[in-house]
Amino acid sequence: MKLYCLSGHPTLPCNVLKFKSTTIMLDCGLDMTSTLNFLPLPLVQSPRLSNLPGWSLKDGSAFLDKELKECSGHVFVDSVPEFCLPETELIDLSTVDVILISNYHCMMALPYITEHTGFTGTVYATEPTVQIGRLLMEELVNFIERVPKAQSASLWKNKDIQRLLPSPLKDAVEVSTWRRCYTMQEVNSALSKIQLVGYSQKIELFGAVQVTPLSSGYALGSSNWIIQSHYEKVSYVSGSSLLTTHPQPMDQASLKNSDVLILTGLTQIPTANPDGMVGEFCSNLALTVRNGGNVLVPCYPSGVIYDLLECLYQYIDSAGLSNIPFYFISPVANSSLEFSQIFAEWLCHNKQTKVYLPEPPFPHAELIQTNKLKHYPSLHGDFSSDFRQPCVVFTGHPSLRFGDVVHFMELWGKSSLNTVIFTEPDFSYLEALAPYQPLAMKCIYCPIDTRLNFIQVSKLLKEVQPLHVVCPEQYTQPPPAQSHRMDLMIDCQPPAMSYRRAEVLALPFKRRYEKIEIMPELADALVPMEIKPGISLATVSAVLHTKDNKHVLQPPPRPAQPSGGKKRKRASEDIPDCKVLKPLLSGSIPVEQFVQTLEKHGFSDIKVEDTAKGHIVLLQEAETLIQIEEDSTHIICDNDEMLRVRLRDLVLKFLQKF
Amino acid sequence: MDPECSQLLPALCAVLADPRQPMADDTCLEKLLDWFKTITEAGSSLLLLQENPCLVELLCHVLKPQDLSSRVLSFSLRLTGVFAAQEDCFQYLQQGELLPRLFGEAGPLGGAAWTAPTVRSGWIQGLRSLAQHPSALHFLADCGAVDTIFSLQGDSSLFVASAAGQLLVHILSLSMRGLAEGPPGLQADDWPPCAQKIVGHIEESLRSTATPQITQALNVLTTTFSHCHDPWTQVLWVRLHPLVAALLEKDPVPAAHSLVDLLLSVARSPGLSSSSCGLWETLAQTVSHLSPTQAGLLALGILKLQDCPQALRAQAFAVLLQPLACVLKATAQGPGPSGLLDSTAADSVTADMLPPSKAACVGLLCRTLAHLELLLPLPQRPCPWPQVPLLGAAVTLLQLCGGSGSPASDAGRQLCALLLGCVRVQRAALDFLGTLSQETGPPELVTQVFAVLLEYLRSPDSSPTVLKKAFQATFRWLLSSPRTPGCSDLDSDAVLFLRELLPVLQKRLCSPCWEVRDSSLEFLTQMTRRWGGQAGFRHALLASEVPRLTEQLLRDPESYVRASAVTAMGQLSSQGLCVPSAGPEHPGGQQSLLGELLHILSADSEGFPRRAVMQVFTQWLRDSHADVVGDTEQFVAGVLQVAGQDLDWEVRAQGLELALVFLEQTLGPSRSHCPYAVTPPVAAPAGPLTQALQSLCRVRLFEFAFRALFDCDRPVAQKSCDLLLLLRAKTASSSSLQEPRSSPDVASVEAALQRWRAGDQAQPLGDLEPEVVLAVLRSMDLEGLRGALAESSDHVEKSPQSLLQDMLATVGIRGENEADCY
């Protein structure tokens with residue numbers, strides 16, 4: 001059993017598990033932090049961005065000044081942003097049989113894998129995951145395609161040149177594999193390969209293993225996966241949450257008794273408590289708006305935004321903010337808000353029961369009805385006529401490199417009355433802000449990451465007790481910035497096995513058993529013999545028939561009738577000869593009694609030695625040695641067959657035959 | 001006993017003795033018992049029994065085998081004890097063999113009723129009452145009661161077990177009191193038999209291996225030494241001391257908590273000269289034997305003792321400080337003493353002396369901090385007081401809990417993992433830190449204190465209670481921050497701190513959690529009250545958004561927050577720190593605050609904000625606030641009119657407070673209030689007085705006060721009565737306003753007041769003339785009214801006769817219902 005690790009990002013995993021005869025890809029995350037190295041894509045021509053000076057080398061050579069621009073001491077690539085793909089060379093991806101998706105954030109690399117590697121298998125995911133994943137991809141494609149950029153920079157990627165660049169460009173990894181965004185056509189084609197599944201549904205893969213999605217509590221339709229055969233169980237835990245937010249709660253019980261638990265997708269900000277952060281978010285929002293400023297919240301179109309809107313729904317009246325407009329701008333805003341209301345069966349119990357009242361599960365429906373929350377596909381069109389200040393704007397993309405957020409950063413960045421509040425934990429907010437410096441706007445960092453923290457992980461592991469834990473290397477040591485925080489790492493026994501990008505792990509357990517079925521007529525013919533109380537044995541002669549990874553014992557074909565001719569006789573010779581079976585032995589030999597018996601039969605001068613595995617009985621006179629071990633007995637004597645047979649018969653007296 | 005009660009008693013006794021008529025409410029049995037106690041304390045019990053034979057009949061009756069309720073049985077046992085407390089009555093009951101039958105083997109003791117804890121408790125309390133004289137001691141010895149009490153010490157009911165222990169102490173003390181010739185010797189023969197038996201039992205228990213028995217013995221001794229200070233207690237201690245000391249040799253020390261209690265009660269007992277009994281040695285030994293979790297309380301007790309050897313005090317203080325020394329050791333950046341303990345003790349401290357489990361470690365640290373906090377303000381606190389290391393320890397603990405500590409050692413990291421986010425330790429450490437502000441510290445440490453406080457105030461993870469304590473500690477440290485002597489201003493460092501604090505306060509005022517908004521407002525009020533007049537503070541506050549945010553919180557959905565916002569705005573406005581609102585709906589700024597507060601007073605649905613508004617208004621009137629001075633009469637009239645109609649009695653009472661302030665301002669303060677005021681002439685001239693009264697009439701103060709006089713809530717009526725009495729006293733000297741009582745106006749007002757008193761307050765009094773008011777005031781029996789109001793509301797119903805009637809009536813109703821059933 002092997003695990004191929006294709007991504008180095010612990011919350012955007014992409015691993016391939018080889019288990020029995022199957023090859024299973026676990027998640028397909030796309031590392032978008034690479035886009036932070038690029039200049040933002042403004043919706044409207046930005047004089048500031050277009051007038052940034054080109055960057056030149058120390059020796060003054062300016063051949064890169066078209067590709068690289070400098071802004072407040074940072075250097076950015078002036079090109080269409082590119083993404084860092086999972087490793088494609090470590091394993092032939094056309095051999096992947098299935099891809100299991102655990103949540104919509106972990107499927108963003110899917111088109112790259114399904115469309116460009118020769119992949120012919122099936123992708124499994126829950127319905128909300130697919131629908132919201134589609135929204136995220138649509139938004140991404142839309143953000144990038146609506147601002148076409150003529151230039152595509154590639155000179156800087158040359159290894160010899162990259163070495164000369166300032167950090168972080170110099171340290172960027174695998175830049176040659178960075179790719180531009182996929183097209184909508186590729187998205188559609190990739191999504192068409194997905195088969196929908198429901199929680200706890202059992203899916204057979206080639207009869208060899210069974211995979212089952214379980215609720216993980218992190219997002220709408222998010223799942224953990226169990227991959228099991230009859231005797232082995234591997235659990236794959238990706239983004240999971242134990243907090244009470246909108247999704248169905250996490251199913252922990254089904255993870256018990258795993259041989260291996262692959263643990264990814266823990267919280268990216270283990271020191272921030274989501275509740276405290278939500279409070280911080282509300283306080284800062286109110287403070288800004290009361291001072292007449294605007295609030296900008298860069299966010300994804302689905303996920304935490306639902307919870308934030310719910311908190312605000314409860315908070316705005318109490319904070320006297322009822323007259324402040326909330327705008328949600330995204331090409332998929334409408335679908336996201338509506339989709340969230342129709343996936344009732346995937347929601348937490350509280351929200352499910354609302355459906356029967358009948359009420360919409362999320363209160364943002366009421367915010368929309370009362371005109372407090374308005375949503376627009378883009379800032380062009382209706383939005384510009386409705387727009388009132390001060391206001392609160394939720395819009396993408398959290399990297400601040402593309403999407404409508406770029407426009408608002410340019411628009412509001414100059415006034416210290418305004419505030420940008422970062423709630424998505426995926427990007428470093430300082431890096432995200434770098435191309436907007438100098439910035440007068442206030443910046444608040446309230447990352448809300450509801451995924452498991454290390455205390456919760458430690459409780460989870462205590463409860464489900466896996467034999468082995470496998471996790472990204474980042475989880476096996478405290479974060480570099482807080483090296484004294486021993487609590488910010490996975491602590492389990494035996495210690496967790498860690499992996500890093502482009503590594504292949506041999507998982508530490510061997511398969512020992514296989515389930516074989518026995519045909520009823522054959523079972524009828526068995527004559528069990530009780531050899532110990534409660535344990536019966538029977539011999540069986542049969543033909544082992546294996547098809548589709550299922551093994552069945554079938555009765556051997558009857559011997560051919562003697563009437564047949566030569567040809568038939570020959571056919572009957574192929575039948576295995578079952579008649580010359582030696583009896584099977586069982587039981588153990590009590591050494592003391594055995595020695596007494598030997599003495600009774602005239603052997604003297606017997607010595608017994610204890611060995612690590614059993615005993616050695618020495619017949620010194622006869623120069624013979626009897627080795628008795630747990631699962632074997634050897635009689636070693638020189639060329640005295642008579643003596644050997646005598647001794648053998650004595651040994652056999654102590655054993656049961658059948 | 002009055003004849004009416006004597007007449008009711010037989011019927012009541014019959015009811016009590018009737019098992020078919022169970023008493024539903026045993027509080028009336030308690031009241032009945034209390035009544036009998038007062039009667040027997042005042043007179044002869046024997047006489048009472050002889051005059052009321054029904055009582056003895058009742059006591060005899062309960063002995064008959066029947067299904068009597070355990071409450072009545074328990075009551076009878078206790079009642080018998082009350083009677084038998086007098087020796088002659090005891091003899092009388094003895095003659096009838098009533099006592100042995102009630103308290104002896106033949107009584108409830110052996111029966112089924114004994115399973116009820118209330119019966120066992122009644123039995124003990126009965127004996128406790130009757131054990132007052134030597135005859136009782138003989139009786140106890142004869143009926144074998146003492147052995148039963150021994151066994152009841154381990155009763156399943158805690159009340160019974162504890163009462164049994166106390167009864168033993170009482171019997172012991174009673175029997176020792178009988179000794180004529182001074183305290184006994186150490187020999188057993190010198191002791192009275194009863195005492196000998198009890199002490200023997202205690203000795204046996206102390207030698208036992210079972211912890212519950214040892215605990216019982218120690219508890220009995222603790223009670224003995226804390227209640228009896230006769231010379232014999234010293235002999236008792238000398239006799240038992242070796243047995244107690246022997247407990248320390250066991251590992252672990254059994255019943256450590258009770259042992260600590262005993263040693264402290266011995267040490268505090270004035271009857272014992274501690275030095276002669278080896279007490280200090282035992283205490284020293286105990287402190288060193290017990291685990292840190294158990295020893296803390298003992299150490300605190302030792303440090304509170306007045307006359308205690310210095311060495312023992314030092315030892316106890318070291319034990320108390322040890323957990324904090326461990327914390328400092330675990331987090332120390334380099335080797336070297338932390339300064340908390342002297343060098344020899346410090347070397348032996350290791351970080352792993354703290355309990356490894358989170359609950360135990362947190363408990364120990366919280367207790368240690370609480371003990372030290374108790375010790376700090378005491379005059380006998382250890383000297384020199386290790387202020388600097390303690391301050392360091394409090395700061396370190398807060399840093400560890402908040403996640404900002406960066407321990408270098410493994411032990412420190414483990415401690416960090418245990419304490420991270422622990423709200424209990426955070427609260428205890430913040431309280432302790434606040435208490436430490438009574439002393440100062442070196443500037444760099446004070447800087448650290450402010451830094452850690454700011455960290456807590458900023459942290460989004462601080463829970464509301466932690467935040468509140470952080471605000472309190474911050475205020476205390478700001479108060480004590482070093483300043484020029486004689487000047488109450490904030491020093492420059494504090495002003496710098498304030499600049500960092502105000503943005504935090506701004507954010508907290510917008511918190512979604514109402515508790516946080518509330519405590520932020522309280523903190524703001526405190527600060528404004530203290531430094532509102534100081535330039536540095538004013539400048540920083542006015543430069544921030546805080547005043548405007550506070551104004552917005554007047555409309556908060558949570559009533560507590562609105563109330564705190566009202567108080568805060570009142571304070572800000574008093575200091576001229578209100579920023580005029582720019583909005584079109586508030587043109588006048590300051591003026592609009594008065595309007596807004598009046599609006600809250602008349603329209604807010606909750607009582608708290610309205611009460612707060614009244615307090616602010618009273619304070620404004622007292623301080624001659626600019627908004628009020630303009631047209632005081634109109635202000636007072638408006639407020640009184642709204643307050644008079646309020647449904648909340650506290651608002652109405654506060655209205656009377658405001659009326660009183662206005663009255664004093666109008667009629668001039670009495671001399672005692674303001675010694676420096678120009679003394680008015682003894683007989684005030686009629687002119688100004690008439691004007692003053694006219695002013696009171698114009699604001700309709702009298703109508704308000706008279707209405708309040710008949711208020712259904714007693715505190716309001718009392719306050720109004722006091723106010724009118726004061727007014728009458730102030731005007732008494734003025735002869736010119738004497739008017740004939742028979743004026744028609746006076747009669748109509750008096751008639752209206754009669755109707756008001758009867759509950760019909762619909763009709764207003766109309767415009768009143770000062771003369772009429774004074775005449776009405778003089779004619780009213782305000783003293784009588786005050787006397788009536790001072791009585792508790794149930795004074796009519798509290799008489800014993802009414803108690804007996806009530807008890808009979810409840811049974812009577814039951815009887816009727818029963819008849820209905822048939």
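Chain letters run A, B, ... following the sequence lines, proteins first and then strands; every chain starts at 1. Hydrogens, waters and symmetry mates are skipped; everything else that's a heavy atom, side chains included, is used.
No other option in A:M486, A:Q482, A:Q314, A:M277 has as many heavy-atom pairs under 4.5 Å with chain B as A:M486. For the options B:P557, B:P512, B:G421, heavy-atom pairs under 4.5 Å to chain A are most numerous at B:P512. Heavy-atom pairs under 4.5 Å with chain B were tallied for A:S483, A:C446, A:C282, A:C311; the largest tally goes to A:C282.
Of the possible donor and acceptor atoms, one in the side chain of B:R548 sits under 3.5 Å from a partner among the backbone N and O of A:R290.
B:K507 and A:N284 get closest at one heavy-atom pair: CD-OD1, 3.5 Å.
Distance check, rounded to the nearest 0.5 Å: CG of A:D487 to CD of B:Q414 gives 11.5 Å. To the nearest 0.5 angstrom, A:L287 atom CG is 9.0 Å from B:L509 atom CG. Atom CG of A:L488 and atom CG of B:L420 lie 8.0 Å apart (nearest 0.5 Å).
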Enumerate, atom names and distances included, each donor-acceptor pair closer than 3.5 Å involving a side-chain atom of residues 454-461 of chain A, sequence neighbours excluded.
unit_1	atom_1	unit_2	atom_2	d
A:Q456	OE1	A:N453	N	2.9

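Between B:S511 and A:Y315, every side-chain heavy-atom pair lies at or beyond the 4.5 Å cut-off.
Shown here are the salt bridge (Lys or Arg N to Asp or Glu O under 4.0 Å) partners of B:R413, two or more places apart in sequence or in another chain: B:D410. Taking the side chain to side chain donor-acceptor pair (under 3.5 Å) definition, one finds that B:E515 meets it with nothing, sequence neighbours left out.
Using non-hydrogen atoms only and a strict 4.5 Å limit, the part of residues 452-470 of chain B facing chain A consists of B:R458, B:P460, B:D461.
Heavy-atom distances place the side chain of B:E545, and not its backbone, under 4.5 Å from chain A.
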